[in-house]
K.L.:
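Pasting in a structure now, in structure tokens, and then I'll have a few things to ask.
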Amino acid sequence: MDNGRQPKKLCFVYIGVVGLLILLGGVFGLYDWKYGVVIAVVIWIIGGAYRTYFGVPSNR
């Protein structure tokens, strides 16, 4: 566990970071930026479904 975080919440944070890295990879030319945007959005949608399914509370 990372600084007392719950494992489910930590996994959600990792999903968000992976989406961000894929988005930045597209922006900085590792691959076409359109693919980076689409894949990042798909990963964030999966992360939102994960949050809803496992009941991870929002940070708001």
K.L.:
Is there a path of hydrophobic side-chain contacts, each under 4.5 Å between heavy atoms of I, L, V, M, F, W or Y residues, that connects V38 with F28?
P.N.:
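Not linked; separate clusters.
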
K.L.:
How far apart are the closest heavy atoms of G19 and A40, and which atoms are they?
P.N.:
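Smallest interatomic distance, heavy atoms only, reads O-CB, 3.4 Å.
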
K.L.:
Take atom OH of Y31 as the centre, draw a 6.0 Å sphere, and report whether it contains more than 12 heavy atoms from other residues, nucleotides or ligands.
P.N.:
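More than 12 heavy atoms, drawn from other residues, nucleotides or ligands, come within 6.0 Å of this atom.
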
K.L.:
What heavy-atom pair brings C11 and Y50 nearest, and what distance separates the two atoms?
P.N.:
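Between these two residues, the closest heavy atoms are CB-OH, 3.5 Å.
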
K.L.:
Is there a path of hydrophobic side-chain contacts, each under 4.5 Å between heavy atoms, that joins I46 and Y53?
P.N.:
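No, separate clusters.
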
K.L.:
Find out whether L23 and W44 are in side-chain contact, i.e. whether some heavy atom of one side chain is under 4.5 Å from a heavy atom of the other.
P.N.:
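Yes. Closest side-chain heavy atoms under 4.5 Å.
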
K.L.:
In this structure, would L30 and I39 fall into the same cluster of hydrophobic residues linked by side-chain contacts under 4.5 Å?
P.N.:
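L30 clusters together with I39.
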
K.L.:
In this structure, which one of V42, I43, V41 forms a side-chain contact (heavy atoms from CB on, under 4.5 Å) with I45?
P.N.:
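Of the listed options, the one satisfying the test is V41.
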
